[in-house]
Enquirer: 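Questions regarding the structure given below will be posed in turn.
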Amino acid sequence: MEAKLGLVTKMNDDLHGMILRYCGNRTMEELITMYIERILRYLSFIKQELDSGILAKECQEHIAIAQSMLARDRNAAVSQMRRHLTESHQRTKQLIQA
């Protein structure tokens, strides 16, 4: 489980961290970082196992966001980020309720 949480932490820091560092909004950066850290601490505390399918989905969402950003397609990037946040929220709720 620790290895999977480490992978999730790295994925989140690589993508979310990069975006947040460059957005110029320190408050948003702190809030989202705090949110991600809380989720990871909670998962570690309850020893909730992360399904490989969840990790693959997170990775696919991150790739879609990055591809949209690299293509400088603002609308697609915003759409992909909203989708990721919505689906991530749903996954988090399901993990907490498990």
Side-chain angles (χ1 to χ4, degrees):
M1 180 179 144
E2 292 299 318
K4 288 183 181 179
L5 281 177
L7 178 61
V8 170
T9 300
K10 180 165 176 25
M11 278 194 326
N12 282 323
D13 189 48
D14 286 353
L15 181 69
H16 296 281
M18 178 197 61
I19 292 170
L20 291 168
R21 282 188 292 277
Y22 287 99
C23 78
N25 186 330
R26 184 76 177 143
T27 301
M28 184 169 58
E29 180 180 356
E30 290 172 359
L31 286 171
I32 292 175
T33 299
M34 180 182 66
Y35 172 72
I36 291 169
E37 288 172 354
R38 280 186 176 183
I39 291 169
L40 293 173
R41 275 196 311 271
Y42 180 75
L43 292 175
S44 180
F45 176 72
I46 65 169
K47 301 201 182 320
Q48 178 69 38
E49 183 64 32
L50 292 177
D51 180 282
S52 294
I54 291 173
L55 295 176
K57 183 68 175 155
E58 289 266 337
C59 187
Q60 290 170 354
E61 292 170 6
H62 286 183
I63 289 169
I65 294 165
Q67 287 174 333
S68 296
M69 292 174 67
L70 289 170
R72 297 186 179 273
D73 186 341
R74 176 184 288 178
N75 292 332
V78 168
S79 176
Q80 293 295 339
M81 182 61 83
R82 284 186 177 143
R83 185 175 134 248
H84 172 60
L85 292 173
T86 299
E87 292 188 15
S88 180
H89 180 251
Q90 290 301 317
R91 285 189 294 269
T92 301
K93 284 182 9 182
Q94 289 172 354
L95 285 171
I96 290 171
Q97 295 171 353

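A quick note: this is a predicted structure, and the numbers were derived from the prediction, not measured. All heavy atoms count here, side chains included; hydrogens, waters and symmetry mates do not. In this chain, numbering begins with 1 at the start of the sequence shown.
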Enquirer: Apply side-chain contact (heavy atoms from CB on, under 4.5 Å) to the pair Met34 and Glu30, showing each step before the final yes or no.
Expert: CA-CA 6 Å; Met34 180 182 66; Glu30 290 172 359; over 6 Å; no
Enquirer: Once rounded to the nearest 0.5 Å, what's the spacing between atom CZ of Arg21 and atom CD of Glu29?
Expert: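 Between atom CZ of Arg21 and atom CD of Glu29 there are 7.0 Å.
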Enquirer: If I take atom CD1 from residue Ile65 and atom CD from residue Gln80, how far apart are they, to the nearest 0.5 angstrom?
Expert: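 The CD1 atom of Ile65 sits 7.0 Å away from the CD atom of Gln80.
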Enquirer: Considering non-hydrogen atoms only, spot the tightest contact between Ala76 and Ser68 and give its length.
Expert: CB-OG, 3.5 Å
Enquirer: Nearest 0.5 angstrom please: Asn25 CG to Leu31 CG, how far?
Expert: 8.5 Å
Enquirer: Could you tell me the separation between the CD1 atom of Ile32 and the CG atom of Leu20, rounded to the nearest 0.5 Å?
Expert: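 Rounded to the nearest 0.5 Å, the CD1-CG separation comes to 4.5 Å.
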Enquirer: With hydrophobic residues grouped by side-chain heavy-atom distances under 4.5 Å, do Leu85 and Tyr22 end up in a single group?
Expert: yes
Enquirer: Test: salt bridge (charged side-chain N to carboxylate O under 4.0 Å, His left out). Region: residues 64-86. Which pairs qualify, not counting sequence neighbours?
Expert: Arg83-Glu87
Enquirer: Say you draw a straight line from CZ of Arg91 to OG1 of Thr86; how long is it, rounded to the nearest 0.5 Å?
Expert: 10.0 Å
Enquirer: Can you check whether Glu61 reaches Lys57 side chain to side chain, under 4.5 Å on heavy atoms?
Expert: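 Glu61 reaches Lys57 side chain to side chain.
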Enquirer: In this structure, would Ile63 and Leu70 fall into the same cluster of hydrophobic residues linked by side-chain contacts under 4.5 Å?
Expert: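 They do not share one cluster, since no chain of ILVMFWY contacts under 4.5 Å joins Ile63 to Leu70.
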